[in-house]
Amino acid sequence: MIFNKGLLFVTVLATSLLTTSLTHAKNFKIAVGDGAGGAQEALGEAFIATLEEESKGKHSASLFLNGQLGSEQDTVNSAAIGTLDFSILAINNITPFSPTVGTLTLPYVILSLEDAVNLTQGPVGQGLIENTIRDAGVRIIGWAYSGFRVLTNSKRPVSSVDDLKGLVIRVPKNEIMIETYKSWGVNPTPMAWSETFAGLQQKVVDGQDNPYLTVYAMKFDEVQKYITNIRYIFSIEPLIVSEAIFQNLSKKDQTAILAAGKKATQFSEQLLRDKEEAIKVELVKRGMQITEPANNEKEFIELATKTVWPKFYDSVGGVEKLNKVLKELDRPQVK
Ligand code: MLT
């Protein structure tokens with residue numbers, strides 16, 4: 001079930017059902033889509049440590065890894081109605097609930113970690129925070145940066161768009177990503193994140209894309225052999241809190257939560273800088289083979305930007321929204 005306009009009503013209802021404001025100590029539940037060892041877990045651990053410190057030991061939280069509390073998209077619904085406190089998930093799994101977030105998942109918009117940091121921590125990020133509260137009933141309070149989503153598969157090295165033909169590729173249930181693969185001549189298979197490892201293992205699908213940190217955390221090296229170093233989406237993984245639960249906290253607790261989210265974000269940025277290269281080396285040691293896309297990815301870039309961007313101008317809030325993002329990144333405007 002996906003909420004959008006009716007969400008305001010659901011949030012108001014959930015807030016009123018949480019009858020009294022939360023004043024007692026709490027061990028919050030944090031759903032985490034990925035397994036241990038990735039950017040999501042690291043963000044969660046950094047958040048918990050700072051929350052304990054900021055709330056002077058009053059509040060803590062526990063991580064539930066590997067989608068134990070539901071698929072990433074399900075956790076957005078659970079948080080919206082106040083049955084889940086927090087979730088850490090890939091931004092592409094929020095887009096179906098709050099389409100303007102799609103500006104950050106349009107292919108080849110974010111071209112570096114610096115771009116990702118500028119956008120999420122500047123006015124664009126602030127706008128997206130407000131929109132997700134309004135559309136999805138969840139508040140983004142921190143960001144993990146996991147790196148570019150690289151393509152993996154179990155069949156063969158892929159360096160060109162042509163090599164992709166015939167491969168069955170899993171994508172999240174995200175229209176932008178579906179259309180991107182279509183622009184490359186592939187009809188991808190939408191599948192929940194929580195089912196993806198099994199799908200690859202049982203060969204229901206041949207491949208998928210996710211950052212190196214996630215490939216490692218999910219042990220995809222056990223079921224995938226080939227990596228193509230494409231850079232079409234830079235993966236950002238927000239930490240969200242149920243807006244209903246957040247509004248029920250005292251001002252002091254809200255401040256502690258926001259401060260913990262901010263500190264965890266800074267930690268995540270550093271983690272990516274420190275870890276990505278070593279993880280890449282480790283995946284090769286474990287038998288994975290990395291291929292660079294032909295011609296500096298030119299063909300992938302041209303097909304995706306020319307055909308996919310215009311299809312989503314409306315859903316991201318108009319071409320001017322995309323231009324605002326591009327301006328922020330000192331990139332040419334589009335018409
Ligand atoms: C997905 O592919 O659904 C997500 O990127 C998974 C994740 O959160 O790492």
Side-chain angles (χ1 to χ4, degrees), residues 2 30-44 47 63-79 84 86-98 101-102 104-107 110 116 120 138 140 142-153 168-181 186 188-201 204-221 223-224 227-228 230-240 268 271-272 275-276 279 283:
I2 289 179
I30 307 180
V32 180
D34 294 352
Q40 293 189 354
E41 183 193 41
L43 181 83
F47 173 75
L63 300 179
F64 293 82
L65 299 174
N66 266 318
Q68 286 172 70
L69 301 184
S71 77
E72 291 196 352
Q73 294 194 8
D74 287 345
T75 66
V76 180
N77 276 328
S78 305
L84 172 68
F86 293 89
S87 178
I88 304 174
L89 72 170
I91 195 154
N92 46 272
N93 286 325
I94 299 188
T95 319
F97 305 89
S98 189
V101 176
L104 301 192
T105 51
L106 281 174
I110 296 181
T120 51
V138 297
I140 297 170
W143 309 89
Y145 306 101
S146 316
F148 288 105
R149 296 178 72 103
V150 295
L151 173 73
T152 70
N153 86 89
V168 184
I169 305 292
R170 171 270 170 183
V171 286
K173 295 173 186 168
N174 174 301
E175 287 306 321
I176 294 176
M177 296 164 90
I178 293 171
E179 287 301 323
T180 303
Y181 276 92
V186 170
T189 305
M191 185 183 278
W193 181 229
S194 47
E195 291 158 20
T196 302
F197 186 92
L200 294 167
Q201 190 174 42
V204 178
V205 287
D206 302 320
Q208 62 85 48
D209 65 68
N210 258 293
Y212 284 107
L213 266 67
T214 312
V215 171
Y216 174 76
M218 298 306 290
K219 300 189 169 52
F220 280 175
D221 53 283
V223 289
Q224 298 279 269
I227 297 179
T228 308
I230 52 171
R231 304 161 76 82
Y232 86 118
I233 291 178
F234 186 98
S235 188
I236 297 170
E237 324 233 10
L239 165 60
I240 58 173
S268 173
L271 180 95
L272 183 64
K275 283 264 177 81
E276 192 178 40
I279 282 179
L283 289 172

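Since we're looking at a predicted model, the values are computed, not measured. We count ligands from 1, going down the list as the structure has it; atoms in each ligand are counted the same way.
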- Task: Kindly write out the residues that satisfy side chain to side chain donor-acceptor pair (under 3.5 Å) with Asn174, not counting sequence neighbours, or none if the list is empty.
- Result: none
- Note on the structure: Between the CG atom in Leu106 and the CD1 atom in Ile176, the distance rounded to the nearest 0.5 Å is 4.5 Å
- Task: Would you please indicate yes or no on a ring centroid separation below 6.0 angstrom for Phe148 and Tyr232?
- Result: no
For the residue pair [X] and [Y], establish whether any side-chain heavy-atom pair is separated by less than 4.5 Å.
X	Y	value
Tyr181	Leu151	yes
Leu89	Ile94	yes
Val204	Thr189	no

- Item | Contact residues of ligand 1, where a non-hydrogen atom lies under 4.0 Å away | Asp34, Gln40, Glu72, Ala90, Asn92, Asn93, Arg149, Arg170, Pro172, Trp193, Asn210, Thr214, Glu237
